[in-house]
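The structure appears right after this line, and notes come after that.
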Protein chains: 2
Amino acid sequence: METRRADSIATQIEEMIFAGGYSDGDRLDEVRLAEQFGVSRTPIREAFQRLSLTGLVELIPRRGTFVRQPGPVELLEMFEVMAELEAACGRFAAVRITDQAIENLRDANAKCQMAVDAGDADGYYNENERFHLIIYKQSGNAFLEQEAQRLHNRLKPFRRQQLRLRGRMSQSMAEHEAIVSALVNGDAETAANTLRGHVAVQGEKFQNLMAALRNAAE
Amino acid sequence: METRRADSIATQIEEMIFAGGYSDGDRLDEVRLAEQFGVSRTPIREAFQRLSLTGLVELIPRRGTFVRQPGPVELLEMFEVMAELEAACGRFAAVRITDQAIENLRDANAKCQMAVDAGDADGYYNENERFHLIIYKQSGNAFLEQEAQRLHNRLKPFRRQQLRLRGRMSQSMAEHEAIVSALVNGDAETAANTLRGHVAVQGEKFQNLMAALRNAAE
DNA sequence: AAATCAATTCTTGTATACAAAATGTTTGAC
DNA sequence: GTCAAACATTTTGTATACAAGAATTGATTT
């Protein structure tokens with residue numbers, strides 16, 4: 001017997017769900033997954049317990065475990081909360097950020113811009129993520145950072161489908177610049193408000209998200 | 001065999017930890033708890049998995065599960081996040097709150113005041129909690145409501161020790177009034193800021209919290 | 001033919017068994 | 001007396017076994 005496998009299994013199942021391998025309401029078959037992972041049911045069930053707390057999966061007693069993909073309403077709610085968490089990170093970061101971190105933000109932004117110019121969607125996506133993770137950390141609040149990262153991660157598959165249009169990319173870049181400015185100036189209120197607006201799902205982004213959801217539902 | 005016991009066991013262990021039955025670093029003995037609950041190790045271990053996600057317990061592979069009571073720094077971080085979540089709830093509630101909910105807030109406030117006058121700490125505590133839960137719900141965001149409730153619940157045992165002094169109680173009441181006013185006026189910004197300040201741990205509250213922590217550490 | 005009930009089959013939940021790692025203890029050497 | 005190594009014990013992690021609830025299928029009845 002090796003070391004604890006349940007945690008690694010949990011993240012693997014998580015990734016399978018994120019990757020879109022399952023739709024809402026699908027039942028996760030314990031024995032099938034056990035065979036698939038080459039283990040017994042026990043570690044699979046432990047993984048289910050953990051997944052249930054994140055809301056990714058619903059545990060119905062005596063019935064089984066079913067994947068819970070968020071619907072449009074829940075998804076918008078989650079984005080709303082994400083916007084508020086980012087705003088909070090920005091508010092704290094404005095008065096706590098280090099000079100080094102500002103440099104890192106500028107670097108991420110520069111690489112973002114290069115990716116935009118090169119039409120490199122993946123590159124843009126990665127540097128954009130780095131930008132936001134830096135701000136989480138610079139909140140100087142490890143608990144907030146953790147919560148922000150968790151929700152960010154959960155929304156990842158949905159955000160990915162959003163930032164396709166070139167127009168949004170350059171607008172997003174302008175917002176990044178404004179955010180850095182506010183942080184440099186130590187203007188907590190502006191940093192918070194700019195970040196909130198940057199992350200919020202509204203207007204065009206709303207339409208894209210709904211369209212992506214409709215496609216995923218098929 | 002009856003229905004799933006793991007969930008009920010998880011909450012029971014959670015309550016035991018909240019109640020202060022364990023200190024930071026204490027190991028949770030699987031076999032002892034199994035005997036205590038009259039079940040086998042399996043449901044206990046499933047409960048541990050769930051508790052680990054809330055951060056209440058740490059699962060160290062091949063070593064065991066240990067209770068993780070937040071230290072001063074983590075606790076302050078959690079209160080900081082709580083303040084931001086409440087601010088977010090207030091921001092949304094300001095534009096979404098129903099007339100009925102405003103009535104309920106005023107009712108909770110009135111009963112709060114009565115409890116203050118009667119020196120009824122428990123009564124004050126309960127109505128104060130109701131006041132805040134109403135605002136969570138009136139955010140009109142079920143996901144945010146859930147997150148706020150979760151953190152609120154986690155901080156419960158620490159908040160309890162805070163609001164002892166009469167001075168704080170009446171100041172807290174004045175803040176409640178200001179919050180209701182902002183919500184009635186639909187002033188999202190004021191509602192958010194007032195709630196943030198109301199929940200934040202600063203000045204006198206900070207000293208009380210530290211003192212309570214020192215006492216609990218003995 | 002539709003519906004209902006019973007029996008069979010599946011699946012979950014829990015207990016037990018067993019293997020490997022970690023911990024504690026005894027014994028031996030210096 | 002102290003340190004270290006080998007052995008014993010404890011404890012975790014996983015597999016398997018078994019019991020009870022849910023689902024399904026088939027037979028019987030109306």
Side-chain angles (χ1 to χ4, degrees), chain A residues 1-70, chain B residues 1-70:
Chain A
M1 247 103 287
E2 289 124 75
T3 73
R4 163 175 283 271
R5 272 172 159 170
D7 49 355
S8 119
I9 287 173
T11 53
Q12 283 185 66
I13 295 178
E14 196 173 289
E15 280 164 15
M16 288 166 66
I17 296 175
F18 279 164
Y22 296 94
S23 335
D24 185 67
D26 282 3
R27 178 171 143 275
L28 292 175
D29 191 331
E30 290 181 1
V31 295
R32 210 173 60 77
L33 284 168
E35 289 171 6
Q36 198 167 325
F37 284 100
V39 297
S40 80
R41 281 172 52 217
T42 312
I44 302 289
R45 301 191 93 252
E46 292 200 349
F48 284 175
Q49 294 289 334
R50 303 183 63 170
L51 292 174
S52 76
L53 258 286
T54 73
L56 219 81
V57 131
E58 193 176 4
L59 246 60
I60 303 180
R62 283 280 170 210
R63 298 287 306 275
T65 71
F66 302 84
V67 314
R68 282 261 298 118
Q69 294 285 19
Chain B
M1 248 97 287
E2 292 122 76
T3 74
R4 164 177 281 273
R5 273 169 158 170
D7 49 355
S8 118
I9 288 172
T11 53
Q12 282 185 66
I13 295 178
E14 196 173 288
E15 281 164 16
M16 287 165 67
I17 296 175
F18 279 163
Y22 295 95
S23 333
D24 185 68
D26 281 3
R27 178 172 143 275
L28 293 175
D29 191 330
E30 290 182 4
V31 295
R32 210 173 61 78
L33 284 169
E35 287 172 8
Q36 197 167 326
F37 284 100
V39 297
S40 81
R41 280 172 52 218
T42 313
I44 302 288
R45 300 190 94 251
E46 292 200 349
F48 284 176
Q49 293 288 334
R50 302 183 64 171
L51 292 174
S52 77
L53 258 285
T54 73
L56 219 82
V57 130
E58 193 176 4
L59 244 60
I60 302 179
R62 284 279 170 209
R63 298 288 304 274
T65 72
F66 302 84
V67 315
R68 283 260 297 117
Q69 295 283 20

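Proteins get letters first, then strands, A, B, ... in listed order; numbering begins at 1 in each.
- In this structure, OG1 on A:T65 lies 6.5 Å from CD on A:E30, to the nearest 0.5 angstrom.
- If you take CD1 of A:I44 and P of C:dT11, they are 15 Å apart, rounded to a whole angstrom.
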Working for side-chain contact (heavy atoms from CB on, under 4.5 Å), residues A:Q12 and A:Q36:
CA-CA 12 Å; A:Q12 283 185 66; A:Q36 198 167 325; over 6 Å; no
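- Residue A:L56 holds its CG atom at 4.5 Å from CD1 of A:I17, rounded to the nearest 0.5 Å.
- Here the P atom of nucleotide D:dG13 and the CZ atom of A:R50 are 11 Å apart, to the nearest Å.
- Between the CD1 atom of B:I60 and the P atom of D:dG13 there is a distance of 10 Å, rounded to whole Å.
- Separating the CD atom of B:Q49 from the P atom of D:dT12 is a distance of 13 Å, rounded to the nearest angstrom.
- We find that CZ of B:F37 is positioned 19 Å from P of C:dG13, with the value rounded to whole Å.
- Residue A:R45 contributes atom CZ, which lies 14 Å from atom C1' of D:dA15 at whole-angstrom precision.
- The side chain of A:R27 has C:dT11 as its nearest neighbour among C:dA22, D:dT11, C:dT11.
- Applying the side-chain contact (heavy atoms from CB on, under 4.5 Å) criterion to B:E58, with sequence neighbours excluded, gives B:I60, B:R68.
- The CZ atom of B:R41 sits 11 Å away from the P atom of D:dT14 (whole-angstrom rounding).
- The shortest side-chain heavy-atom distance between A:F48 and A:L33 falls under the 4.5 Å cut-off.
- Here A:R32 lies out of heavy-atom contact (under 4.0 Å) with every strand.
- Listed nucleotides: C:dT12, D:dA15, D:dG13. Nearest to the side chain of A:S40: D:dA15.
- Interatomic distance, A:I13 CD1 to A:R50 CZ, rounded to the nearest 0.5 Å: 11.0 Å.
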Give me the distances for all protein-to-nucleotides 23-25 of chain C N/O pairs that come in under 3.5 Å?
{"unit_1": "C:dT23", "atom_1": "OP1", "unit_2": "B:R63", "atom_2": "NE", "d": "2.6"}
{"unit_1": "C:dT23", "atom_1": "OP1", "unit_2": "B:R63", "atom_2": "NH2", "d": "3.0"}

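- For A:P43, the side-chain atoms get nearest to D:dA15 when compared with the rest of D:dT11, D:dA20, D:dA15.
- A:L28 has its CG atom 13 Å from the P atom of C:dG13, to the nearest Å.
- Under the salt bridge (charged side-chain N to carboxylate O under 4.0 Å, His left out) criterion, A:E14 pairs with no residue, sequence neighbours left out.
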